[in-house]
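Letters A, B, ... are given to chains in the order of the sequence lines, protein chains preceding strands, and every chain is numbered from 1.
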Number of protein chains: 2
Amino acid sequence: MMELTRKGEYAIRGIIYLAQQQPGKVSLISEIAEASGAPQSFLAKIFQSFAKLGIVSSFRGTGGGFTLGRSPASITLREVVEAVEGPIIPNRCLLDGGVCDRGKDCKVHPVWRTVQTQVTQILESVTMEELARK
Amino acid sequence: MMELTRKGEYAIRGIIYLAQQQPGKVSLISEIAEASGAPQSFLAKIFQSFAKLGIVSSFRGTGGGFTLGRSPASITLREVVEAVEGPIIPNRCLLDGGVCDRGKDCKVHPVWRTVQTQVTQILESVTMEELARK
DNA sequence: ACCTTCAAGACTATTTTAGTCTTTTTATAA
DNA sequence: TTATAAAAAGACTAAAATAGTCTTGAAGGT
């Protein structure tokens with residue numbers, strides 16, 4: 001239960017790789033893919049969505065590739081995970097402000113809310129800067 | 001991310017329904033299914049596995065059905081969830097004692113370990129007795 | 001012009017989820 | 001002892017999510 005997908009793993013490894021490079025250094029997707037053990041074209045898709053979110057910056061043509069879009073210290077694990085896996089929602093009831101069709105006296109609801117809060121906090125507290133340290 | 005499946009939801013609702021009945025009262029699967037809004041034959045499968053684990057007791061023939069296998073206070077949400085969804089493992093690396101192919105210097109590993117511990121503790125601390133109260 | 005690199009979108013295979021249906025076993029009751 | 005009532009077991013199916021691949025296009029560099 002609650003398993004990160006391969007997509008999520010590749011995403012994290014790829015971003016950490018970028019965070020470990022010298023600031024401003026542009027890395028090819030082929031290079032990132034090899035370093036993180038991810039299929040290149042799959043990782044390319046992931047990084048495309050990161051580029052849209054500003055987590056990475058992309059450059060085309062000769063000498064192109066990817067760099068981090070912001071400082072490693074400002075990118076949290078939560079942001080990376082949610083970018084590829086969607087929001088952290090342990091239960092459908094927690095969608096849309098948490099209105100559950102099972103009524104207000106559902107005792108399970110607040111438990112999942114707690115899980116959601118805790119997990120979010122843990123992932124929020126970890127930055128790429130920390131994860132990049134060797 | 002980290003979403004409980006329908007199976008998990010049905011399982012929880014079904015067990016709570018049983019926990020709300022008078023101790024010793026036998027409930028038909030058709031009755032539990034209706035009360036919990038689950039497809040009967042699907043819920044039957046779920047309760048079959050619960051019976052094997054001793055979470056519920058089953059009785060065949062006329063007057064048969066299901067009761068809780070133990071006191072509601074001794075059945076935790078964690079037990080119910082893990083019975084249907086498998087162990088709480090946010091990352092593959094945490095399997096088999098936590099040996100990750102990416103080496104010991106993987107900084108992400110302990111984060112997922114923390115998530116695992118926290119979620120497990122939260123679910124462990126909630127019993128069916130509490131959830132059954134109206 | 002030509003080459004390099006990412007962007008976008010269509011496509012596919014595998015696995016997981018979410019069930020259904022049929023047959024068998026066990027128990028009760030007439 | 002036969003009928004009936006229920007769960008157990010197992011085969012089966014449909015839909016969705018995951019985990020990719022492949023082709024073409026667009027942007028930038030030489």
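In this structure, B:Ser58 reaches the sugar-phosphate backbone alone: every heavy-atom distance under 4.0 Å involves primed, P, OP1 or OP2 atoms, never a base.
Through side-chain heavy atoms spaced under 4.5 Å, either directly or across other Ile, Leu, Val, Met, Phe, Trp or Tyr residues, B:Phe59 is tied to B:Val26.
Rounded to an integer number of Å, the gap from CZ of A:Phe47 to P of C:dA8 is 16 Å. Between A:Lys52 atom NZ and C:dC6 atom C1' the separation is 12 Å, expressed in whole Å. For the pair B:Arg60 CZ and C:dT26 C1', the interatomic distance rounds to 5 Å; values are reported in whole Å. Taking atom CZ of residue A:Arg6 and atom C1' of nucleotide C:dA13, one finds them 14 Å apart after rounding to whole Å. Between A:Gln48 atom CD and C:dA8 atom P the separation is 5 Å, expressed in whole Å. Atom CD of B:Glu3 is separated from atom P of D:dA17 by 10 Å (rounded to the nearest Å). At whole-Å resolution of the value, CZ in B:Phe42 and P in C:dG19 are 5 Å apart. Note: CG (A:Leu28) to P (D:dG29) measures 14 Å, nearest angstrom.
Between the side chain of A:Lys45 and the base of C:dA8, at least one donor-acceptor pair of N or O atoms lies under 3.5 Å.
Residues B:Gly61 and B:Phe66 each lie close to DNA chain D; by heavy-atom proximity, the contact nearer the 5' end of the strand is made by B:Gly61. Of the two residues near DNA chain D, B:Gly64 and A:Gln40, the one whose nearest nucleotide lies more 5' is B:Gly64.
Between the side chains of A:Glu85 and A:Thr5, at least one donor N or O lies within less than 3.5 Å of an accepting N or O.
Side-chain proximity of A:Thr5 to the nucleotides D:dG29, D:dA19, C:dT26 is greatest for D:dA19. The side chain of B:Pro39 sits closest to C:dG19 out of C:dA7, C:dG19, C:dA8.
Looking only at distances, a side-chain donor or acceptor of A:Glu82 sits under 3.5 Å from a matching main-chain atom of A:Ile88. At distances below 3.5 Å, not a single donor-acceptor pair connects side-chain atoms of B:Lys107 with backbone N or O atoms of A:Glu130.
Here B:Thr62 does not reach the OP1 or OP2 of C:dA29: none of its side-chain N or O atoms lies under 4.0 Å away.
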